[in-house]
There are 2 protein chains.
Amino acid sequence: MVRQASAQRRTLLQAAIAVFARKGLKGATIRDIGREAGANSALIYYYFEDKEALFTEAIRFVMQEFFERLAAGRRAFRGAEDRLAYLVDSLFGYFAEFPERVQLMAHALLAESAQLAVAASSFLRTGSATPLLVLQEGISRRELRAMHPLHAWLSIVGLCVFSLMTRDIGARLRPEADPTFPALGLADRRREILALLVNGLASRGGKKVRGRRSAKK
Amino acid sequence: MVRQASAQRRTLLQAAIAVFARKGLKGATIRDIGREAGANSALIYYYFEDKEALFTEAIRFVMQEFFERLAAGRRAFRGAEDRLAYLVDSLFGYFAEFPERVQLMAHALLAESAQLAVAASSFLRTGSATPLLVLQEGISRRELRAMHPLHAWLSIVGLCVFSLMTRDIGARLRPEADPTFPALGLADRRREILALLVNGLASRGGKKVRGRRSAKK
DNA sequence: CGGGTTATTAATCATATGATCAAATCATTT
DNA sequence: AAATGATTTGATCATATGATTAATAACCCG
């Protein structure tokens, strides 16, 4: 029957986000999600069509929530670095608050790209995809190199998501294989990614370093 | 009994790589893999411990093969851009030849990081992780900014893998949502990623543009 | 050829899973 | 309180799955 808005429905959706994030669409089971929600798993079929539809709604929810936050925090930008910092910080801030949701998006991206594309295109159509607008603005103002904003955005997301997802890989490698590997916190990673986005990996040494180099600290 | 090297064993491993790449560890079934290999699925248990061990061997195989190619193609570098181009081109070239293997690594990176860490650390220990050596060399020579080479490598992998994995998402979005979205080929993506790695996203306009800007074309 | 080892298969097991449904509970209105 | 409709649950079904096993086929060496 697929009921709309209700507290129970929201609870189930949040449980689904958590479990899908941990195990992926295939790895998560209906019973897992029911248990996480503290409800009978059969209830899921009262509120949602099936497991796939629940997954689709989960990624749509996360995407919408993220775009809303981004739009809410939008401001005037002082230049390229400020503009890029806004995007990177939004990603890092969102995922610092809801770490499991990055993982959900990563699963969607990798294994269920069809569903992700469906969800994403609805945001593109309604013009509510803030990151693309912000990047487009930066390109128009010649702050950023000329390129399609979607490519720029995917590069930023790729860097951040990869950095966030590989934190535990680094942690696992560190002790045995490479004692020199530094245990960087989120703030350090944010700084490195921002430096990469603004200036690239190449050293600007020899010739004079640009003033825009360091954000803070 | 877990037999070592044999033609059949290799066939099964290749089939596993293909199926795991398509469906992930959880999504792939033993029967899928058997069918792909044209063999009885029970045979898998003759050559491999279980499904997880097969997955681990699959990512180890791909990682080793990729590192070997990288080591074979290693050369003297003329500077930061040349050095970064070598790494990006190695990734893109490997993907062009074996797209499914890159997808397998993406699955391992984002969804099965525990197994990836096990496989990766053995390469780190033996010092055969060429990309880290190449990056370390570039940093020592002040071509590249000072940072831990593993972070630099993960950034490069993140950019490339994300770009490669989102190609079909872009293709799905393009027609309906955004008619301006350009259908970039691999060569264009390579160029954009390299430009980002060398110079960042920020425009060098106003102040004079660096000579190292454009790779070719 | 023949005996013994290795490789491969069909059949099967136990369990997990997505989904359904009828019954039970709860809420709301009369 | 009775009646009606919405919500929740335990039981159940059919199927898919990872894994095992016993039997068969292929291979090899004398």
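Predicted model, so just to flag it, every value in this text is computed and none were measured. First the proteins, then the strands, lettered A, B, ... as listed; each starts at 1.
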Q: Please check if the side chain of T166(B) supplies one atom and the backbone of F162(B) the other of a donor-acceptor pair under 3.5 Å.
A: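 Pair found, side chain donor or acceptor close to backbone of F162(B).
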Q: Using OP1 and OP2 only, check whether a side-chain N or O of Y47(B) sits under 4.0 Å from dT8(C).
A: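 Yes, within the criterion.
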Q: Rounded to the nearest angstrom, tell me the gap between atom CG in L12(A) and atom C1' in dT8(D).
A: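 My rounded result for the distance is 11 Å.
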Q: Between R9(B) and E57(B), is there a salt bridge with N-O shorter than 4.0 Å?
A: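 A salt bridge links E57(B) with R9(B).
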Q: Base contacts versus sugar-phosphate-only contacts with protein, heavy atoms under 4.0 Å: please encode nucleotides 16-27 of chain D as B, S and - from 5' to 3'.
A: -BBBBB------
Q: Take atom CG of L43(A) and atom C1' of dA11(D), then tell me their distance rounded to the nearest Å.
A: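 Whole-Å distance recorded here is 16 Å.
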Q: Taking only distance into account, with no hydrogens and no angle test, what donor-acceptor pairs under 3.5 Å do side-chain atoms of residues 10-17 of chain A form with protein atoms, sequence neighbours excluded?
A:
| residue | atom | partner | partner atom | Å |
| --- | --- | --- | --- | --- |
| T11(A) | OG1 | A7(A) | O | 3.0 |
| Q14(A) | OE1 | R101(A) | NH2 | 3.0 |

Q: In Å, rounded to the nearest 0.5 Å, how long is the span from NE2 of H151(A) to CD of E192(B)?
A: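 Going from the NE2 atom of H151(A) to the CD atom of E192(B) covers 6.0 Å.
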Q: Any side-chain heavy atom of M105(B) within less than 4.5 Å of one from V157(B)?
A: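 Contact flag for M105(B)/V157(B) side chains = no.
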Q: Would you say Q8(A) places a side-chain N or O within less than 4.0 Å of OP1 or OP2 belonging to dT8(D)?
A: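 Checking Q8(A) against dT8(D): at least one side-chain N or O falls below 4.0 Å of OP1 or OP2.
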Q: Within the side chain of K51(A), is there an N or O that forms a donor-acceptor pair under 3.5 Å with the backbone of L25(A)?
A: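 Yes: the side chain of K51(A) pairs with the backbone of L25(A).
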